[in-house]
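To start, the structure itself, in structure tokens.
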Amino acid sequence: MRMTLASLVVGLGVVITIAAGAALYNWGVVADETGISGWNPALWILLFGGVATAVVGTIQIAITAGNARAR
């Protein structure tokens with residue numbers, strides 16, 4: 001059960017990262033066409049939050065796999 005939940009956390013992190021990357025790309029296109037600043041801190045927070053979520057899930061998988069081997 002823990003491995004399934006950890007895998008879902010990794011999947012959630014990947015989905016968030018891809019969505020934030022697409023949003024950053026679209027924001028950059030709009031910023032380039034309209035001449036506004038391309039800096040959008042909220043999208044960068046989402047991007048790094050998605051990466052951090054995936055890393056936490058990966059660490060959970062490693063801990064769960066380590067506990068399963070110890071038994």
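Computed from a prediction, not measured in an experiment: that's the story for all the values here.
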**Study point:** Least distance between heavy atoms, S7 atom then I61 atom
**Key:** OG-CD1, 4.0 Å
Point to revise | ILVMFWY cluster, I18 and V56 together (side-chain gap under 4.5 Å) | key: no
Point to revise | ring-ring contact (aromatic ring centres under 6.0 Å, His included) partners for Y25, two or more places apart | key: none
Point to revise | Exercise: identify the closest heavy-atom pair between G38 and A31 | key: CA-CB, 3.7 Å
Point to revise | Hphob cluster co-occupancy, F48 + I45, side-chain heavy atoms under 4.5 angstrom | key: no
**Study point:** Residues that, via side-chain heavy atoms closer than 4.5 angstrom, fall in one hydrophobic cluster with I16
**Key:** L12
**Study point:** Candidate list V9, L5, V10, test side chain to side chain contact (heavy atoms under 4.5 Å, CB included), partner Q60, passing option
**Key:** V9
Exercise for review: Mind running side-chain contact (heavy atoms from CB on, under 4.5 Å) on L47 and L43 for me, showing each step along the way?
Suggested key: CA-CA 6 Å; L47 185 73; L43 293 179; over 6 Å; no
**Study point:** Joint cluster assignment, L46 & W27, ILVMFWY side-chain distance < 4.5 Å
**Key:** yes
Practice item. Can you measure from OG1 (T58) to CD1 (I63) and round to the nearest 0.5 angstrom? Key: 11.0 Å
Practice item. Could you tell me the separation between the CG atom of N67 and the CE atom of M3, rounded to the nearest 0.5 Å? Key: 9.5 Å
